[in-house]
Amino acid sequence: MSAFAAVLRRDLLLAMRRRADVLTTFFFFVIVVSLFPLGVGPEPNTLRTIAPGVIWVAALLASMLSLGRLFMADYADGTLEQILLTPAPLALLVLAKVLAHWLVAELPLVLIAPMLGLQFDLPSDVLWVLMGSLLLGTPALSLLGAIGAALTLGVRGAGALLSLLVLPLCIPVLIFGAGAATAVAAGQSAQPHLSFLAGFLLISLVLAPLGVSAALRIAVE
C-alpha cells in the first residue's frame, strides 16, 4: 500500500506542477458544453433533451485529451522502467496512476457539470443524477483509456490511435451515463442505468490494471 500511496502522491504533485495540462482539459470541457446552448438556440425543451448527451460526450472527449499523457512522461524519462522493476504488484501501481489521473483530470469535470447543466435548464433532480452517473462513469473511462494509453505508448500518431482504440469501448458508458439523466427527466427510474455503470466500473477495476500492466511490459521490452 505504501508503493500505491507513493505513486499516487508523486503523480498528484507532478500534475500540480503542470497546471497547464490540467486546465486545458477543464476549459475544453467547459467551452464545449457552453457552446451548445449558443448553437442550438434558447428553446428550453430542446436544451433539456440534449443536455445529458452533450455533457457526457464533452466529458469523454476531454478525457481523451489527457489520457495520452498518462504514461508518456514516465516512458520518456525512464521512470516507467524503474516502476516495472519495483517488487510491488504492477497492477496496483497502475491503479494508483489511474486514480491520480481521475482526481486531477476528471473529478473537476464531475464537480462543474451541475453548474454547466443549469445552462440547459435542467431541474435539480436531473442534475444530481447526472453528477452521480459521471461519478460512476468517468473512473471507468480512465481505466479503459489507460489500456489504450499503454498499448499506444511510443507509437507514432499515438493520440489518434488511442481515440480509435478507446472510443468504441466507451460507448456503453456513454449510453448508460447519459441515459440515467434522460430517464429521470422523462419521469422514469435511473436505477438500471446507474447499476450498469457501477457494474462496468467494478469489472474495469479488476481487469483494466491487469491489461495495462501487460501492455506496459510489452512497450518497455
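Position 1 is the first residue of the sequence; numbering continues from there.
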Given side chains that start at C-beta, do those of [X] and [Y] come closer than 4.5 Å, heavy atoms only?
{"X": "W56", "Y": "L130", "value": "yes"}
{"X": "L60", "Y": "L167", "value": "yes"}
{"X": "L111", "Y": "M131", "value": "yes"}

Check your understanding: I50, M115: one ILVMFWY side-chain cluster at the under-4.5 Å cut-off?
Key -> yes
Check your understanding: Cluster question for you: counting only ILVMFWY and a side-chain heavy-atom cut-off of under 4.5 Å, with indirect links fine, are L99 and L14 together?
Key -> no
Quick one: closest heavy-atom pair of [X] and [Y], and the distance?
{"X": "C170", "Y": "L141", "answer": "SG-CD2, 3.6 Å"}
{"X": "V184", "Y": "A190", "answer": "CG2-CB, 3.6 Å"}
{"X": "W102", "Y": "P108", "answer": "O-CD, 4.5 Å"}
{"X": "L205", "Y": "L143", "answer": "N-CD1, 3.7 Å"}
{"X": "G117", "Y": "I55", "answer": "CA-CD1, 4.1 Å"}
{"X": "S142", "Y": "E106", "answer": "OG-OE2, 2.6 Å"}

Rounded to the nearest 0.5 Å, how far apart are [atom1] of [X] and [atom2] of [Y]?
{"X": "L90", "Y": "L85", "atom1": "CG", "atom2": "CG", "value": "10.5 Å"}
{"X": "L67", "Y": "M72", "atom1": "CG", "atom2": "CE", "value": "11.5 Å"}
{"X": "L8", "Y": "L93", "atom1": "CG", "atom2": "CG", "value": "11.0 Å"}
{"X": "Y75", "Y": "L80", "atom1": "OH", "atom2": "CG", "value": "8.5 Å"}
{"X": "L202", "Y": "L197", "atom1": "CG", "atom2": "CG", "value": "11.0 Å"}
{"X": "D11", "Y": "L70", "atom1": "CG", "atom2": "CG", "value": "7.5 Å"}

Exercise for review: Evaluate side chain to side chain contact (heavy atoms under 4.5 Å, CB included) for L144 paired with F200, printing each intermediate quantity in order.
Suggested key: CA-CA 10 Å; L144 293 174; F200 200 89; 3.6 Å; yes
Could you list the donor-acceptor pairs under 3.5 angstrom formed by side chains in residues 22-41, with sequence neighbours left out?
unit_1, atom_1, unit_2, atom_2, d
T24, OG1, A20, O, 2.6
T25, OG1, D21, O, 3.4
S34, OG, V30, O, 2.7
S34, OG, Q119, NE2, 3.4

Point to revise | By salt bridge (charged side-chain N to carboxylate O under 4.0 Å, His left out) - contacts of D74 (at least two apart) | key: R10, K97
Exercise for review: Applying salt bridge (charged side-chain N to carboxylate O under 4.0 Å, His left out), name anything that partners R19, two or more places apart in sequence or on another chain.
Suggested key: none
Check your understanding: Who pairs with L118 by side chain to side chain contact (heavy atoms under 4.5 Å, CB included), at least two apart in sequence or on another chain?
Key -> L127
Revision key, fill the gap. Applying side chain to side chain contact (heavy atoms under 4.5 Å, CB included) to P123 and not counting sequence neighbours gives R48, D125, V126
**Study point:** side chain to side chain contact (heavy atoms under 4.5 Å, CB included) between L151 and V212, worked out
**Key:** CA-CA 8 Å; L151 287 173; V212 174; over 6 Å; no
Exercise for review: Give the other cluster members for I203, using side-chain heavy-atom distances under 4.5 Å between Ile, Leu, Val, Met, Phe, Trp and Tyr residues; answer none if it is isolated.
Suggested key: V206, L207
